[in-house]
2 protein chains.
Amino acid sequence: MASRSGRVTATDVAREAGVSQTTVSYVLNDAPHQKISESTRRKVLDAVAKLGYQPSAAARALRLGRSELVLMLLPDVPVGDSLATLVELLGDELERHRLSLITRRTQHAPVSSLWRELMPAAVLTSLGVSAEDMAGMRAAGIPVVSVEIDAATHPLGLPIHQTLIGRMQVERLAATGHTRIGYAAPRQPRLRDFLEPRLAGVRAACAELGLEAPAVLDVPLDAAAAAAAADQWHSAVPAVTGVCAYNDETAFALLAGMRRVGLSAPGDLAVIGVDNDKLAPFAVPPLTTIDNNLDILAGRVARLIVGSIADDTVSAAPQSVPVSLVVRESA
Amino acid sequence: MASRSGRVTATDVAREAGVSQTTVSYVLNDAPHQKISESTRRKVLDAVAKLGYQPSAAARALRLGRSELVLMLLPDVPVGDSLATLVELLGDELERHRLSLITRRTQHAPVSSLWRELMPAAVLTSLGVSAEDMAGMRAAGIPVVSVEIDAATHPLGLPIHQTLIGRMQVERLAATGHTRIGYAAPRQPRLRDFLEPRLAGVRAACAELGLEAPAVLDVPLDAAAAAAAADQWHSAVPAVTGVCAYNDETAFALLAGMRRVGLSAPGDLAVIGVDNDKLAPFAVPPLTTIDNNLDILAGRVARLIVGSIADDTVSAAPQSVPVSLVVRESA
DNA sequence: CTCCCTCACTGTTACGATTCAGTTAGGCTC
DNA sequence: GAGCCTAACTGAATCGTAACAGTGAGGGAG
């Protein structure tokens with residue numbers, strides 16, 4: 001049945017169904033403006049089922065000039081629980097639309113060679129794509145969706161309000177009576193692009209609430225170093241009594257450091273994280289944190305991508321993704 | 001310069017360099033058995049650089065009958081820190097060989113439609129691919145690498161000795177004086193395929209060391225439920241004094257549960273996890289665990305894949321990946 | 001009866017790369 | 001100087017799909 005090669009092609013299906021290959025293509029693609037009789041359609045679909053025909057992604061991509069891949073460009077940062085979750089959810093969501101998600105670190109290869117080579121159906125970026133690449137992709141008709149830090153710079157962006165996250169951290173601490181706020185920053189310089197807007201939010205909230213500016217300290221993922229930071233906050237005059245951590249990992253490290261120097265949360269130092277890590281409920285004490293609701297974000301991003309592939313028009317102005325406070329015991 | 005369409009093709013390069021398109025292809029692929037003069041080679045490469053030519057992955061895939069994608073089939077399980085890390089490391093490693101990693105949940109789509117559609121350069125599987133699919137892929141010349149549970153059933157497998165992991169957990173507990181062992185199993189039924197060999201290792205080690213069979217209890221990711229399990233172990237007669245957790249997440253939940261009922265590790269109940277999660281050092285007390293060295297595994301898997309694509313022959317019998325004990329304080 | 005229109009298809013080309021099977025031009029041998 | 005060989009190329013077929021541009025049959029209008 002199958003031609004000389006092993007593969008079952010649309011031509012094989014056509015032969016089996018007694019129609020032309022063109023007709024097979026029309027049936028399978030529900031081609032608009034083409035009248036196909038019900039009997040023919042049935043014959044084709046039966047032949048497809050019988051032969052187990054599966055269209056070749058490569059041939060389709062060559063013909064259409066675009067593949068069914070979605071390229072996600074990641075900042076060159078170790079993925080934490082939250083980013084991994086986003087990638088996972090997004091992959092599942094896109095899969096429902098027959099799209100495959102490919103992730104690449106921005107750093108490793110020039111971005112242009114990637115998209116020119118893969119002809120992705122869409123590109124998903126969070127940061128650091130050059131203006132030329134943006135222009136090139138636009139010229140090639142590739143929709144670019146950015147999960148944003150700064151919604152202003154990118155047209156088709158889905159903002160995560162990083163500043164809002166920082167704001168909410170401070171508001172929680174202020175609401176529980178803390179007036180002198182600390183900020184636990186991770187050491188990795190690569191995270192700075194995420195760190196800065198969050199910290200800006202913290203600063204802004206402090207200013208608005210009439211609090212002193214936050215005392216920023218590095219808290220690396222190391223209990224001993226974190227202990228030093230905890231001690232420094234605690235023994236400051238006036239003492240820092242509430243700390244916003246960059247994320248839950250940093251918060252875990254800080255809590256471990258505090259334990260070393262005999263401090264406990266929230267009594268000596270209240271701690272609030274970001275991400276709602278899977279392990280956050282098991283921290284000592286259970287970690288109060290900000291959930292950025294990546295499941296919702298993933299759904300929206302997927303819809304935005306699918307929409308911009310189909311319509312070829314920019315969808316409605318993207319809404320900011322909700323962010324919620326998860327109160328446990330650490331703050 | 002570029003033909004009517006936007007894309008720069010090999011034909012454009014050929015025109016620019018004043019040679020045939022065939023020659024361009026030979027130069028770019030370093031075609032063996034083809035003599036290309038140095039001057040021609042230079043002309044072609046100059047034209048490539050000048051035009052910014054990037055070969056079309058789709059066209060190449062169509063011609064060669066195989067793409068540059070590596071398909072990783074995942075069991076339908078929420079990805080934890082360790083699996084996410086493996087995926088990340090593997091992606092980076094494969095990227096160095098111009099391969100792109102695509103992950104898919106086994107459950108969602110029939111596997112056959114996936115590989116027939118994508119024509120991947122290789123398939124990476126850990127579990128649950130049907131015999132027909134295996135045969136089909138073999139027939140299509142797609143190398144299948146399995147990161148193994150059971151090295152016996154798959155020919156080109158890279159075994160992670162899950163049983164060895166269980167064994168090492170028990171050995172650690174026995175070495176620190178524990179004689180009555182518990183096993184903290186996750187609730188998700190999907191994890192059973194990983195759970196069973198680990199538990200088998202635990203059972204075997206207990207038997208060999210002359211200990212009673214392990215007391216297996218469900219420990220879901222919920223502190224209250226984990227507390228019940230902890231209490232049950234502690235109040236058994238004779239009491240269970242050391243628990244092997246399925247993984248670090250389960251261990252975190254168990255430690256949280258113990259805290260609720262006033263038990264502490266390792267005094268009342270020693271706890272040992274698996275995975276060496278990023279947060280394991282920050283557990284209370286810091287979590288003793290088994291590191292399955294996924295970075296090493298990722299490197300080996302990548303090499304195995306690249307090797308089997310290139311040689312088309314099965315590489316040397318794969319060695320089992322080292323597994324190591326990380327001693328902290330919980331056991 | 002002729003003309004035209006619609007329905008339901010089919011023939012053929014193009015997408016961009018790889019590669020088999022030639023085809024020159026020049027040098028060497030006898 | 002005829003014959004042969006090799007180096008250094010080029011022409012054309014091919015992979016599987018999509019879709020443009022027909023094509024014949026049947027029916028209705030005039």
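The sequence lines fix the lettering, A, B, ..., with proteins before strands; numbering per chain opens at 1. Keep in mind that the numbers below use all heavy atoms, side chains included, and drop hydrogens, waters and symmetry copies.
- By the 4.0 Å N-to-carboxylate-O rule, B:Asp12 lies close enough to B:Arg15 to be salt-bridged with it.
- Closest contact between the side chain of A:Ser20 and the listed nucleotides D:dT17, C:dT10, D:dA18 involves C:dT10.
- Rounded to whole angstrom, the span from the NZ atom of B:Lys35 across to the P atom of D:dT6 amounts to 10 Å.
- Spacing between atom NE2 of B:His33 and atom P of C:dT19 amounts to 12 Å, rounded to whole angstrom units.
- Between A:Asn29 and the phosphate of D:dA18, there is a side-chain N or O to OP1/OP2 separation shorter than 4.0 Å.
- Look at B:Arg60 and you won't find any side-chain N or O under 4.0 angstrom from OP1 or OP2 of C:dG16.
- Ionic pairing of B:Arg41 and B:Asp30 is present here: one or more N-O contacts between side-chain nitrogen and carboxylate oxygen are shorter than 4.0 angstrom.
- Summarising the geometry, the separation between CG on B:Leu28 and C1' on C:dA17 is reported as 11 Å, rounded to the nearest angstrom.
- Distance from the side chain of A:Ser37 is smallest for C:dC9 among the nucleotides C:dG16, C:dC9, D:dT17.
- Between B:Ser56 and the phosphate of C:dG16, there is no side-chain N or O to OP1/OP2 separation shorter than 4.0 Å.
- Remark: the A:Tyr26 side chain and the D:dC20 base include a donor-acceptor N/O pair separated by less than 3.5 Å.
- Taking every side-chain heavy atom of B:Leu62 into account, D:dC15 is the closest of D:dC9, C:dA17, D:dC15.
- Atoms CZ (A:Arg15) and P (D:dG16) sit 12 Å apart, rounded to a whole Å.
- Mapped onto DNA chain D by nearest heavy atom, B:Leu64 and B:Val19 fall at different nucleotides, with B:Val19 at the one closer to the 5' end.
- Remark: C1' of D:dT17 and CZ of B:Arg116 are 18 Å apart, rounded to the nearest angstrom.
- Among the nucleotides D:dA18, D:dG16, C:dA17, the one closest to the side chain of B:Thr9 is C:dA17.
- The A:Thr23 side chain lies nearest to C:dC9 when the options are C:dC9, C:dG16, C:dT12.
- To the nearest angstrom, P of C:dA17 lies 12 Å from CD of B:Glu68.
- A donor N or O paired with an acceptor N or O is found under 3.5 Å between the base of D:dG11 and the side-chain atoms of B:Thr22.
- Using modelled atom types, no side-chain atom of A:Arg60 and backbone atom of A:Glu68 make a donor-acceptor pair closer than 3.5 Å.
- Of the candidate nucleotides D:dG16, C:dG16, D:dA18, C:dG16 has the atom lying nearest to any side-chain atom of B:Ala59.
- Distance A:Gln21 CD to D:dA19 C1': 10 Å, rounded to the nearest Å.
- Each of C:dC9, C:dC7, D:dA12 was ranked by its minimum atom distance to the side chain of A:Gln34; first place goes to C:dC9.
- A:Ser25 and A:Thr22 form no side-chain donor-acceptor contact under 3.5 Å, judged by distance and modelled atom types alone.
- For A:Thr11 against D:dG16, a side-chain-to-base donor-acceptor contact under 3.5 Å is absent.
- A salt bridge links B:Glu117 with A:Arg98: the closest approach of a Lys/Arg side-chain nitrogen to an acidic carboxylate oxygen falls below 4.0 angstrom.
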